[in-house]
Amino acid sequence: MLKYKINPFFVLILGALGIAFSPIFVRLSDVDPIMTAFYRIILSFPFYFLCASTGIMEKIRFPEIKNYYLVFFFSGLFFALDLICWHWSIKLTTVSKSTFLSNLAPVVVILFSYFFLKEKFTKFFYLAAGLSLGGMTLLLGESFQFNKEQFLGDLLGVLTAVWYGCYIITISQLRKKYNTVSIMVISGAVTSVFLIFISLFFEQQLIPQSITSIISLFLLAFVSQFLGQALITYSLAYLPASTSSLTLLIQPIAATILGYLFFQEKLNFIQFFGCVLILIGIYIARAKNK
């Protein structure tokens, strides 16, 4: 992403925190969820172009091998499906539950890495994964109870995890050859095309109606997409996808706290203990990967 080397683990944490704000911005938007996702992508492009043209970031480099266009296409498709499911999930269930279910992505990444990428894991990694996922379960707290009115939102949260896991895997493969700006712009273009067509077909509220909504859309594009996703993409060149996906579990901690601050969604002692377990798991994964 940047021309100057920065600790990739620190960058990954910052990216995760940037994404943690996205449920808040999506809730504040009065535009329908899929169109909100479209604005998220399209409004982030000027920031990439500006940074690339001024030398802050590397310039866009298009694929020279046709096969890579297919990988870019699937990365954009997976991210479009991820945003569609997640933004609707945020609207249909609680912020904490939506974030919990969508962050089951490490399970997808770990299974794919083990069976297809032949990545070997140590017993410490399995311990870290167990602690982190156990902490996720505790963090869910009372929201773990079945609520038929939130069932569709919960189901979309699970699908979000599948698509985001696939997205992380494709991005980690692209980062072996391409810089962050190239990946975010090319795959983002694919994502935006899918989003705009689906939104025009299924949704009605396409234009923001209030200043609050306009500001939230710009913040969603800048904080969650430009900063959040770009920082995560940058770090994937230096960290394994499996370790990165576990570290991204810091998102639900931040999102749960933000849900409490903005929407008065309760945070009890058990959820706090779950946060501690997640952080311990991330620390172990990081220490042993080092």
Item to complete: State yes or no: do Y48 and L50 share one hydrophobic cluster built from I, L, V, M, F, W and Y residues joined by side-chain heavy-atom distances below 4.5 Å, directly or via other members?
Response: no
Fill in: Test side-chain contact (heavy atoms from CB on, under 4.5 Å) applied to H87 and I34, step by step
CA-CA 7 Å; H87 283 202; I34 299 175; over 6 Å; no
Discussion item. I'd like to know whether CZ of F45 has more than 12 heavy-atom contacts from other residues, nucleotides or ligands below 6.0 angstrom.
Written reply: yes
Item to complete: Find out whether Y39 and P208 are in side-chain contact, i.e. whether some heavy atom of one side chain is under 4.5 Å from a heavy atom of the other.
Response: yes
Fill in: Minimum side-chain heavy-atom gap L231-L12 below 4.5 Å
no
Practice prompt. For I19 and I232, run side-chain contact (heavy atoms from CB on, under 4.5 Å): C-alpha distance rounded to whole Å, both residues' side-chain angles, the deciding distance at 0.1 Å, then the answer.
Written response: CA-CA 10 Å; I19 292 180; I232 290 171; 3.1 Å; yes
Worksheet item: Are K177 and V71 close enough that some pair of their side-chain heavy atoms sits under 4.5 Å apart?
Response: no
Item to complete: Look only at the side chain of D32 and the backbone of L206, and say whether a donor-acceptor pair between them is shorter than 3.5 Å.
Response: no
Worksheet item: Is any side-chain heavy atom of I183 less than 4.5 Å from a side-chain heavy atom of N179?
Response: no
Worksheet item: Are S29 and S216 linked by a side-chain donor-acceptor pair shorter than 3.5 Å?
Response: no
Fill in: Ring centre gap for F72 and Y69 strictly below 6.0 Å
no
Worksheet item: For the residue pair F79 and F194, is the inter-centroid distance of their aromatic rings smaller than 6.0 Å?
Response: no
Response to the item:
dist S44:OG -> F218:CZ (nearest 0.5 Å) comes out at 11.5 Å
Fill in: Ring geometry between F78 and W163 (parallel below 30°, tilted from 30 to 60°, perpendicular above 60°)
parallel
Discussion item. Determine whether I198 and M35 satisfy the following criterion, side-chain contact (heavy atoms from CB on, under 4.5 Å), listing intermediate values before the conclusion.
Written reply: CA-CA 9 Å; I198 295 173; M35 182 55 75; over 6 Å; no
Worksheet item: Should the ring pair F25 and F21 be called parallel, tilted or perpendicular, given that the plane angle runs from 0 to 90° and is split at 30 and 60?
Response: parallel
Practice prompt. Just grab all the side chain to side chain donor-acceptor pair (under 3.5 Å) pairs involving residues 219-229, residues at least two apart or on different chains.
Written response: R40-Q225
Worksheet item: Which residues pass the side-chain hydrogen bond (donor to acceptor under 3.5 Å, both in side chains) test with E203, sequence neighbours left out?
Response: S199
